[in-house]
Structures are given as structure tokens and as C-alpha cells.
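Side chains are part of it too, since the values below use all heavy atoms of this structure and drop only hydrogens, waters and symmetry mates. It should be emphasised that the depicted structure is a prediction, and the values quoted were computed from it without experimental measurement.
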Amino acid sequence: MNKFISQKTNIVKNLLFSMKVVLKSNPFCFIVGVMIQMINIILYYLILYFGRNLLNALNFSLNSQQSLSESILCAFIWILLIAMCSTATIFLNYYKNIIFQKQQLYFEEYINIKMAQKCMELDISYFDNPQYYDKIKRAQEGKVRLNFVVYRVVFFIANITSFLIALSIALSLSHFIFPVIILALTFPALLTRGKYYRHLFEYENSQQGIKRKISYLAGLILGKDTAKEVRFYEMEDFLSEKYQNHWNKYVSGVKKIIVKRGAIDSLFTVFPVIGIMFSIYFVVLRIGEGNANLGDFAYLFSVFSSLSNSFLSLVEDLAKMSESEAAIQNYNNFMETKPHVVYKGQLPIETIEIIEFRNVCFTYPETEKMVLNNISFKLNAKKKNAIVGINGAGKSTIIKLLLRFYDVDSGNIFINHVDIQKYDITKIRQAFSAVFQDYVIYSLSIRDNISFSDYFDKNNDARIMKALDFAEIKDEIFSRTSNLETFLSRDFTEDGIELSGGQKQKIAIARCAFKNAQVLIMDEPTASLDPEAEYSIISKLHRLHENRGLIMISHRLSNMKMMDYILVINNGKVVEEGSHNKLLNDRKQYYNMYTVQADKYQTGS
């Protein structure tokens, strides 16, 4: 019993939530849509009423001495009223469809904007952690079901109105026992239909794993990134078989529910018809006794049918609303998510002089390994600094904490001797320009890809060209196009440019150079470049950006001699620091790493 009450309470909550969200997305469309639907229902019952009067008038004219002209005039009036209501219904349905389509668009836009705003509030930890990323993905996948509630809410209100009108008419024109009998015989169908939709919904929910596998396999078969390997290794049959097996397993479960529950639902749906026939039988008896007319029969038959159908539709709306429960719950859970990084600082940053980590400890959420372990160091932000070390030492984590993608577990990070949490986080990020290790080349124009780092100046062609030239990619790009609006992919246009790995990295470097930031951050910025190109770009950093600071993370040590200061990180701690020559003379970890690479990457004195 408690479970039943809980289910109904959740349905009501979902309904109220849906109404609130639909209203917020566009109150005008929602209110107009509901009004049109209500007017349509009233017109429907008016057509039934006018039809009743038409049949009664015709019956009266046949059984009386009424003149032909009077009979025709009377019938014409009722026919005219029916035609007017029917015409109004046609036009209203036309406008209703327009309003509903607009409402859906506004609703989708509203949900998309709300989710995008929430995504932008969340820090990187949510995207680095699979558990939280699944939460975001579930919310995004539920948008289709959320869009479905636009129809359900309006139809629910309409069905309530229809049910109340039909019940009122039935009670006023017949004995109260007849509506009671019809509703009582409708009740078993309500239970089975609700159970049917609930069972289908629970099955869909339980099959999320298989559905994700189906989607993943479809992506492998159809995807651009896997096209070469799938064909080279002749994986088509293997993937198709796996896809078909998972699909058949999923569909077989749906079929069982549809066949079993559908048959039971159809059986119980017959019961209300029996109730209607029983009630109409007594109307027929009244006609035989001369206490009712043929029009009364047709009118009550339609009203009794509407009473049963609207009651069934009402519960079906509620049952279908439960289908959206998971989507609504996922959406609410996502929207209630709070960022780990607290954006409460307000201080501006005029210039960056000193960056200091003091006794900083950090462990990624949902993990146990301490990535940074009581680490302390100072960097002159106007110098060229390098952070080196083996994979997993904590180099990239330092950058993530400095840019406040995460906050420290303990210790402090200072800029100009002020804790970075006191600064406006937007101002912190504006002061830096970065090439991340996992940089992205967007399926957009050359202009967009370069100017994203300072998009307010996106139309400054000269500045874009300068950034492309700095990254030594300008000649390579403009040997294939003369237009900055050319796309850097062929995902959406045939005349787009496909880039190699090294060229993509140069575009990311150009984007970093385009931003007029005080400090450049480069996390493995030249990993896809040959040693000569790497040496050339690092040299340009010194010549062209003498007034800017640099923090570079790199495994390649061949260019470290151009750095002013080097931190050597191991197991989340600073194990060495100093200039290139000092570290070589110390003959410790840095010396060993450099010696191993010396033969490969000697590109200059």
C-alpha cells in the first residue's frame, strides 16, 4: 500500500514539475495551447448537443403535422451550428499544432540552455570522473523524454476537463447509477494499463546497459574515427553480429511485455463497453416508453463513451508521465549538482609577478592516490619556466590547480602573495593562455579555431595571421585555401581541410599565441612535432614574447637550455629545481633524463 501511495505521489510531483517547467519555457504558448484544447473539448460536446437536437427535430417533424418549410428551417439551424463548431475545431486544431510545435521548440531551447549553464558552472572534476560524467550524460539523454511532457501536460488538463463535462452531462440526463457502473467497469482497465506502462518503463530502465552497448556498437560501425580500422581488420561481420545480438535481446523483452500486457489490457478495455451498452439499454427502454427520443440515445451513447475514454486517457496520461520519471529525476539531480570549486573571489589581477605553491596536497575525487604531496615552489611569472618529470608525476595537475579547474585538498596557492581563491576566477583565467595536453581542434572555421582564445577580437585578420605564422602553420594552411572561413574538417563541408597530428598541434599553439595573456601555459605543446619544428617554436617564444611569462610542461628536454627555471617533479614532490646548467651539474634525476634523450633531440647549441 505504501509503495502504491509513493508511486502516485511521485506521479503527481512529476506532473507538477512538468507543468512548472513547461510554463517557464514559454508561458504564452502553454496557456494558449491549453485554452485551444479546452475550447476544442467544449466544441466537441456542443456538436454532440446540437446533433442530439437535430435528430430530435427530425424525429419530431416526421411524427407531427409540422410543415416542410418549418422542418427544413429547424434542421438547417442545427446543421449550421454543427458546421460552425466543426469549422472552428478545424481552425483551432491548425493553430494548436503550430502552438505545440513552437512550445516544443521553446521547451527544448529552455532545457538546453539550463543544462548548458549548469555544465559551465561545474568544474573539470565532473568531466574527469566517470561517475559524474555518467550523471551528465544521463541528463542529456533524458531531454527527449522531457520534451515529451509538453504534450502530456496539455492532454492531461484536457482529459480532466473532458471527464468532468461528460460526468456532469451523464448525471444530469440519466440516473447516477449508470456513470458509476461505467467508471467501475473502467477501473480494471486503469489498473492493467497503468501496470503495462509501468512494466514497460521499468524494463527500459533496466536495459540501459544494453542500450548503451547498442549505441556504442552503432557508433563503431558508422563512425568516422573507426572507419579505417573496421575495414582494415575486416571487423564488419563481428561488429554487426554483436549489434544484432544485443538488439535482439533488447527487442525480445519489449515484445514479451507488449504481447502479454497488451492482450490483458485489451481484454479489460472491453469491460467499459459492456457498461455503456447496459446503460444505453435503459435509454432504449425510455424511447420505447415515449420518454426519450432518438437524439437522446445518440447523445447519451457519445457522452457515456467520452466518460469512459476520458477516464482511461486520464490515467494513461498519468501512467505515461511515469515514463518521464527517470528523465525528470536525472534532470533534477543534474541541476542540483554543486561545483566543487567555489567561485567566491572578487579581486582583479593587474599583473602576475610571482606564483607560489605552499604545502599543497591534492587527490583526485573518488581516488585514493595523492597526486601532489605537500609540494612547495615559487615561479617568477615573467620568466620562462619548465616543469619536467616522468608520466604521472603530477605536472599537469599543477596547471589544473593553478587555473582552478580543481581546488587543493590542503595547502595554498598564491599569485602575487594573495591566495588565488580571493581572485575573481574569470580574471585568473584571462591572465593565462594555454595549450592543453588534450587540446581540441573544432569542426569549425580557421578563424573560430584560432580566435576562441580571445573571441572578442575574432575579426582581426592580421592578428590571426600573426598567430598562424608564429605556430609555423600559415604556409601549410594557405597552400590549401585562401579563406579564413574554411573549416578545419570535412564533417560538415566537402571543401574543409583535414589536418595531420602535427598540424593540429600547431593550430592549438596558434590559438594560445592569439590570446594576449600575461603568461603562456604549454602542456606538452610540441609532442606531435618533429624536433626541428619544436626548437623553432620554442625559440620564437623567447624572441616574440619577451614580455610574457611561460610555464611549459614537456617530456622532451632538448630545449630546456632555453628555460630560465626548471622544476623536476617526481611522485607529487619537487625533487630538483634550478637552471638547466645547474641541474646537469647536480647529476641527479634531471641529468639522467637529459642524458637518455641527448642523442635524439640535439637541435641546436
Check whether any side-chain heavy atom of Cys512 lies under 4.5 Å from a side-chain heavy atom of Leu520, and answer yes or no.
yes

Are the side chain of Lys395 and the backbone N or O of Ile390 linked by a donor-acceptor pair below 3.5 Å?
yes

Residues passing the ring pair (Phe, Tyr, Trp, His ring centres under 6.0 Å) test with Tyr423, sequence neighbours excluded, are none

Could you tell me which non-hydrogen atom of Asn460 sits nearest to which non-hydrogen atom of Phe514, and how far apart they are?
O-CE1, 4.4 Å

Using a 4.5 Å cut-off on heavy atoms from C-beta on, say whether the side chain of Ile210 contacts that of Lys249.
yes

N/O donor to acceptor pairs below 3.5 angstrom from side-chain atoms of residues 346-354, sequence neighbours left out:
{"from": "Thr351", "atom 1": "OG1", "to": "Gln518", "atom 2": "OE1", "distance (Å)": "3.3"}

Heavy-atom neighbours of Gln244 CD exceed 12 at 6.0 Å:
no

Candidates Val388, Leu379, Asn385 - the one meeting side chain to side chain contact (heavy atoms under 4.5 Å, CB included) with Leu567:
Leu379

Residues in ring pair (Phe, Tyr, Trp, His ring centres under 6.0 Å) with His246, at least two apart?
none

Search all heavy atoms of His580 against all heavy atoms of Met560 and return the closest pair with its distance.
CB-O, 3.7 Å

Set of salt bridge (Lys or Arg N to Asp or Glu O under 4.0 Å) partners for Lys504, sequence neighbours left out
none

Checking Val574 against Val568 for the side-chain contact (heavy atoms from CB on, under 4.5 Å) test, could you report, in this order, the C-alpha distance in whole Å, the side-chain angles of both residues, the deciding distance, and whether it holds?
CA-CA 6 Å; Val574 177; Val568 183; over 6 Å; no

So, using salt bridge (Lys or Arg N to Asp or Glu O under 4.0 Å) as the criterion, who are the partners of Glu109 when residues are at least two apart?
none

Could you give the distance from CD1 (Ile464) to CG (Asn449), rounded to the nearest 0.5 Å?
10.5 Å

Spell out, as yes or no, whether a donor-acceptor pair under 3.5 Å connects the side chain of Asn380 to the backbone of Lys382.
yes

Minimal heavy-atom distance between Cys361 and Asn373, with the atoms involved, is SG-C, 4.2 Å

Check: Phe432 main-chain N/O paired with Lys515 side-chain donor or acceptor under 3.5 Å
yes

Can you give me the closest heavy-atom contact between Ile420 and Ile428, atom names plus distance?
O-CD1, 3.4 Å

Residues in ring pair (Phe, Tyr, Trp, His ring centres under 6.0 Å) contact with Phe334, at least two apart in sequence or another chain
none

Testing the basics here: between Asn570 and Gln589, what is the closest heavy-atom pair and its distance to 0.1 Å?
ND2-OE1, 3.5 Å

Sidechain-backbone polar pair: Asp469 side chain, Met465 backbone, donor-acceptor under 3.5 Å:
no

Donor-acceptor check, side chain of Asn359 to backbone of Asn412, threshold 3.5 angstrom: yes or no?
no

ring-ring contact (aromatic ring centres under 6.0 Å, His included) between Phe452 and Tyr455, intermediate numbers included
CA-CA 5 Å; Phe452 271 144; Tyr455 206 56; 5.4 Å; yes

Asp495 side-chain N/O to Thr493 backbone N/O, donor-acceptor pair under 3.5 Å
no

Just how far is it from atom CD1 of Ile398 to atom CD1 of Ile553, taken to the nearest 0.5 Å?
7.0 Å

Report the residues that fulfil salt bridge (Lys or Arg N to Asp or Glu O under 4.0 Å) with Glu476, sequence neighbours left out, ordered by chain and then residue number.
Lys506

Within the 3.5 Å criterion, strictly below it, is a donor on Tyr565 or Glu577 matched to an acceptor on the partner's side chain?
yes

For Arg358, the salt bridge (Lys or Arg N to Asp or Glu O under 4.0 Å) test, sequence neighbours excluded, returns Glu356

Side-chain H-bond candidate by donor/acceptor type, Asn245 with Asn248, under 3.5 Å
no

Leu105 vs Asn26, side-chain contact (heavy atoms from CB on, under 4.5 Å): CA-CA, chis, key distance, verdict:
CA-CA 10 Å; Leu105 291 174; Asn26 191 287; over 6 Å; no

Roughly how far, to the nearest 0.5 Å, is OG of Ser396 from CD of Gln437?
4.5 Å

Give a yes or no answer on whether the side chain of Lys384 reaches the backbone of Asp564 with a donor-acceptor pair at less than 3.5 Å.
no

Within 45° of the axis and under 6.0 Å from the centre of the six-membered ring of Tyr591, does NZ or CZ of Arg587 qualify?
yes

Salt bridge (charged side-chain N to carboxylate O under 4.0 Å, His left out) pairs, two or more places apart, involving residues 401-419
Arg404-Asp407

Counting C-beta onward and ignoring hydrogens, is there a side-chain heavy-atom pair between Ile387 and Ile569 closer than 4.5 Å?
yes

With sequence neighbours excluded, what pairs up with Gln430 under the side chain to side chain donor-acceptor pair (under 3.5 Å) test?
none

Applying salt bridge (charged side-chain N to carboxylate O under 4.0 Å, His left out), which residue pairs with at least one partner in residues 427-452 are found, sequence neighbours left out?
Arg447-Asp461, Arg447-Glu485

Looking at every non-hydrogen atom in both residues, tell me the closest pair between Ala508 and Ile441 and how far apart they are.
N-CD1, 4.2 Å

Does a donor on one side chain sit under 3.5 Å from an acceptor on the other, for Asn581 and Ser579?
no

Is the ring pair Tyr590/Tyr594 parallel, tilted or perpendicular, if the boundaries are 30 and 60 degrees?
parallel

Can a donor-acceptor pair be found, under 3.5 Å and without considering hydrogens, that links the side chain of Asn416 to the backbone of Val418?
no

Using the ring pair (Phe, Tyr, Trp, His ring centres under 6.0 Å) criterion, which residues pair with Phe377? Sequence neighbours excluded.
Phe357

Quick one: do Leu550 and Met522 satisfy side-chain contact (heavy atoms from CB on, under 4.5 Å)? Show the steps, please.
CA-CA 8 Å; Leu550 171 67; Met522 296 192 166; 4.2 Å; yes

Picking from Leu484, Thr486, Asn483, what satisfies side chain to side chain contact (heavy atoms under 4.5 Å, CB included) with Phe478?
Leu484

Taken to the nearest 0.5 Å, the spacing of Lys582 NZ from Ile566 CD1 works out to 10.5 Å

Can you check whether Tyr106's main-chain N or O pairs, donor with acceptor, with Ser25's side chain at less than 3.5 Å?
no

Check the pair Arg463, Asp454 against salt bridge (Lys or Arg N to Asp or Glu O under 4.0 Å), reporting the backbone distance first and the verdict last.
CA-CA 11 Å; Arg463 191 173 160 199; Asp454 190 3; 2.9 Å; yes

So, taking the atom named OG in Ser451 and the one named CD1 in Ile446, what distance separates them when rounded to the nearest 0.5 Å?
11.5 Å

Would Tyr364 and Thr397 count as having a side-chain donor-acceptor pair, cut-off 3.5 Å?
yes

Measuring from atom CD1 of Ile425 to atom CG of Leu403, what distance do you get when rounded to the nearest 0.5 angstrom?
9.0 Å

Check: Asn333 main-chain N/O paired with Glu336 side-chain donor or acceptor under 3.5 Å:
no

Are more than 12 heavy atoms from other residues, nucleotides or ligands located less than 6.0 Å from atom NZ of Lys114?
no

